[in-house]
2 protein chains.
Amino acid sequence: MATINDVAKKAGVSKSSVSRVLNGNFEYMAEGTKTKILHAMEELNYTPNSVAQSLKKKSTETIGIIISDISNPFWSEVLKGVQSECTRSGYTLMVSSSEEKAEKEEENVLTLKNKQVDGLIVNTTGKNNGLFDHLVKEKYPFVFLDRFTEELKADTVIVNNILGAKRSTQYLIDQGHKRIGILLYPIENRSPRIDRLEGYKQALQENGLPVDDELIKVCDTTKDSGIKATQELLELSDPATAIFSTNTILNLEALSGAKKEGCHVPEDISVIGYDDYPWVPLLDPPLSTVAQPAYELGVNAALLLVKRMNRKRQPKPKIIQLEPELIIRESCAPPK
Amino acid sequence: MATINDVAKKAGVSKSSVSRVLNGNFEYMAEGTKTKILHAMEELNYTPNSVAQSLKKKSTETIGIIISDISNPFWSEVLKGVQSECTRSGYTLMVSSSEEKAEKEEENVLTLKNKQVDGLIVNTTGKNNGLFDHLVKEKYPFVFLDRFTEELKADTVIVNNILGAKRSTQYLIDQGHKRIGILLYPIENRSPRIDRLEGYKQALQENGLPVDDELIKVCDTTKDSGIKATQELLELSDPATAIFSTNTILNLEALSGAKKEGCHVPEDISVIGYDDYPWVPLLDPPLSTVAQPAYELGVNAALLLVKRMNRKRQPKPKIIQLEPELIIRESCAPPK
DNA sequence: CCGGTTTCTGAAATCGGTTTCTAAAACCGG
DNA sequence: CCGGTTTTAGAAACCGATTTCAGAAACCGG
């Protein structure tokens, strides 16, 4: 690979001059030297070594993203948004995965920082507030993705989960349901879970309906726990007539659970889920869901980060809240 | 951020010595200096700047991956495998997306190379053989992912598509089907498509069944083109009694098309698809598919790349072929 | 006690760029 | 033709590490 010195030698100039044309710094440069250098570059097929540039410029034109689970289609859609915005603005993406583990998350932040990424997008576990606190103190640019921490003020892009839960629950209420179960994963201090439960409760209360703990099913994340929870909801002495499921896995398990219990959806039990994918309309029955703007979430996160990175004066933390959309298909009906 | 000079100063030694402890180069180092330096590092909370290290060592401990579509769940599962193997062996991942475009692919290869990634994993468009030819000539380590190019000998990890198509077609034949349609996207010189069609044909021929062009439906990639193709297969004067669909989208469209035509799966028409996901068993009906080991594909690609990167003597190109697995559910039945 | 090893450490060069500083060359008005 | 200004471009320092080379100190046998 040709270096700046090779170019300088071939063009018969100093490397300072070559560097100048690399950086488009043409004021005070004779036309002749410029073309000489351009020619030499061409001939040697030269591209500046960006590691060397990064060292001097203290910027790698790279941003890092830490995601809990890349293979989750929600996150991969988010990643696509981030990716596309990054290439648009000239950044390369380093991707790593925390697998929801605090230690992994910390490790990832550290290696990415050490690799000098210019900024970080993090779907945080929420268990490393000290670490992120430290980051804001050193003015290291980062944005939180899809999870919000009360204690820590930082740029955040999030989907309004209260609203999503409220809309779906309200929709069930409007159909006449009074016994609405909710399926969720352990709260673990995670804002989307907190908020979806909160939205569900708010909708009930606003409609004068009681919040019944029997109907709130916290499932562990082992396989099929949602199936069991669904069956339990159906076997209550005063059984649920509708189920609000708060994530993709639980959506599927709710459907399975109902089937197992011999209940038809939506005739015997209504189900409304969370997250939408191309295959959701092809489920049995086509599932109504709360669709989140995953791609936009990614785009906005990248946009916000880039904005912060380009500021010398650090602006106040900004929270961008996107709206989910209720998509009605055929999995809900009025109770019998 | 503390630099090696700060540490040296604080410990009262030269940076050479600090560098020595960084690299575990302890022979000929007095115990005292070592502990002094270790202490200074501790106190300053020092981590070596890896950009500087990369410049000198000519290695970034980073590998790049270029994928056609990150939001495609198949690829995101592959990515997960790559990711996990990379972290296991101490590499960071740079991800970029070609969106199936040759120019984008070239651009990505160039920027990643320029960022000095130590190696590349590429799900190539197949339209840049010159570029990759060049790479093998400069001994730049890379491996092809899931697509094979006859003309270019390079490390490749792939799933045996002929086998996958053969197995699924054979399964349909075994059930008594003679009119088996195949749904695929335009070949475009892409080995998975070529091979799946080839496997289908081979299975037919080996069973003495004719290959009927009427039954081979090349769908364009616009939305719903698979639905139309399915309907056409069902409206043939001698209609198809089974359909082999060769990718996820077409799987869904085949199911939709049958539904639209008023046909029940599997009673009126059998469908077997390609690729498996957690939600596939919950389709209506639970779809039988050819499952590809996506995660293992990723792991193997990373493994192969790392192996090549670590060799000084470049070994001959190696082709790893994984086996797909036929997963039987409820979407196929003998013809009426 | 002296010359030769062995042990230990620092100075300096290097990686491939950017940037500052300075000086030579060109230009220009009087 | 001369002094001052403007162009132009190179030398050198620097970014933060690694590595070579060489010299000082300690050690050791005779």
Side-chain angles (χ1 to χ4, degrees), chain A residues 1-41 44-62 110-111 113-118 138, chain B residues 1-41 44-62 92 110-118 138:
Chain A
M1 278 259 90
T3 74
I4 197 172
N5 278 306
D6 301 332
V7 176
K9 211 164 290 174
K10 167 146 270 178
V13 299
S14 76
K15 56 179 188 165
S16 329
S17 295
V18 178
S19 175
R20 281 184 196 114
V21 351
L22 277 181
N23 293 283
N25 202 339
F26 291 130
E27 54 169 351
Y28 299 143
M29 173 168 293
E31 199 59 29
T33 21
K34 177 176 163 184
T35 51
K36 260 194 306 187
I37 293 172
L38 253 17
H39 270 124
M41 285 179 167
L44 294 172
N45 202 358
Y46 169 78
T47 359
N49 177 328
S50 58
V51 170
Q53 292 183 310
S54 296
L55 179 59
K56 184 69 199 189
K57 291 191 173 169
K58 294 179 169 309
S59 148
T60 51
E61 310 283 283
T62 298
L110 264 25
T111 44
K113 254 193 75 189
N114 178 257
K115 295 231 168 182
Q116 312 288 111
V117 300
D118 296 341
E138 0 171 354
Chain B
M1 278 262 86
T3 73
I4 198 172
N5 277 303
D6 301 333
V7 176
K9 211 165 290 175
K10 165 146 268 176
V13 298
S14 75
K15 56 181 186 162
S16 326
S17 295
V18 179
S19 175
R20 281 187 195 111
V21 351
L22 277 182
N23 295 283
N25 203 339
F26 293 129
E27 55 169 350
Y28 298 144
M29 173 168 295
E31 200 60 28
T33 21
K34 176 176 163 183
T35 52
K36 262 194 304 185
I37 293 172
L38 254 17
H39 271 124
M41 285 180 170
L44 293 172
N45 200 358
Y46 169 77
T47 0
N49 177 327
S50 58
V51 171
Q53 291 184 310
S54 297
L55 179 59
K56 185 69 201 191
K57 291 190 173 169
K58 294 181 171 310
S59 147
T60 52
E61 308 284 282
T62 298
T92 311
L110 263 26
T111 45
L112 288 173
K113 255 194 74 188
N114 178 257
K115 296 231 169 184
Q116 312 288 111
V117 301
D118 296 341
E138 358 172 356

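A, B, ... follow the sequence lines: proteins, then strands. Residue 1 opens every chain.
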Measuring to OP1 and OP2 of [N], would you say a side-chain N or O of [X] lies under 4.0 angstrom away?
X: A:Asn5; N: C:dG17; answer: no
X: A:Ser14; N: D:dA11; answer: no
X: B:Gln53; N: D:dT18; answer: yes

Could you give the [atom1]-to-[atom2] distance, from [X] to [N], as a whole number of Å?
X: B:Tyr28; N: C:dG10; atom1: OH; atom2: C1'; result: 17 Å
X: B:Phe26; N: D:dT18; atom1: CZ; atom2: C1'; result: 15 Å
X: A:Glu31; N: C:dA26; atom1: CD; atom2: P; result: 17 Å
X: B:Ile4; N: D:dA17; atom1: CD1; atom2: C1'; result: 6 Å
X: A:Lys9; N: C:dG16; atom1: NZ; atom2: P; result: 12 Å
X: B:Lys113; N: C:dG16; atom1: NZ; atom2: C1'; result: 16 Å
X: A:Leu22; N: C:dG17; atom1: CG; atom2: C1'; result: 9 Å
X: B:Met29; N: D:dA25; atom1: CE; atom2: C1'; result: 16 Å

Checklist line | A:Lys9, NZ atom: more than 12 neighbouring heavy atoms under 6.0 Å | finding: no

Any side-chain heavy atom of [X] within less than 4.5 Å of one from [Y]?
X: B:Val18; Y: B:Val13; value: yes
X: A:Arg20; Y: A:Ile37; value: no
X: B:Glu61; Y: B:Thr92; value: no

Item checked: Shortest non-hydrogen contact between B:Ser50 and A:Lys115, atoms and distance -> OG-CA, 3.2 Å

Checklist line | Backbone N/O of A:Asn25 and side chain of A:Asn23: donor-acceptor pair under 3.5 Å | finding: no

Item checked: 5'-most by nearest nucleotide on DNA chain D - B:Ala52 or B:Arg20 -> B:Ala52

Item checked: Whichever of B:Met1 and A:Ser16 has its nearest DNA chain D nucleotide further upstream toward 5' ->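 Mapping each residue to its closest nucleotide by heavy atoms, the 5'-most match is A:Ser16.
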
Check: So what's C:dT22 paired with, Watson-Crick or G-U wobble, going by both distances under 3.5 Å?
Finding: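 Because both required distances fall under 3.5 Å, C:dT22 counts as paired with D:dA9.
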
Next item on the list: Sort out the partner of D:dG4 for me: Watson-Crick or G-U wobble, both distances under 3.5 Å, none otherwise.
Entry: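 WC or wobble partner is C:dC27.
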
Does [X] contact [N] through a side-chain donor or acceptor facing the base, at a distance under 3.5 Å?
X: A:Lys58; N: D:dC15; value: no
X: A:Lys56; N: C:dG16; value: no
X: B:Ser50; N: D:dA17; value: no
X: B:Lys57; N: D:dA17; value: no

Next item on the list: Report which part of the nucleic acid B:Ser54 touches: base, sugar-phosphate, or nothing (heavy-atom distance under 4.0 Å, all strands).
Entry: nothing

Note to self: Under 4.0 Å, heavy atoms only, any strand: does A:Ser19 hit a base, just the sugar-phosphate, or nothing?
What the structure shows: base

Check: Considering only side-chain heavy atoms of B:Lys15, which listed nucleotide, C:dT18, D:dA17, D:dG16, is closest?
Finding: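 My answer, after comparing the listed nucleotides, is D:dA17.
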
Notebook entry, point to check: Pick the nucleotide of DNA chain C nearest each of A:Thr47 and B:Val13; which residue has the one closer to the 5' end?
Noted result: B:Val13

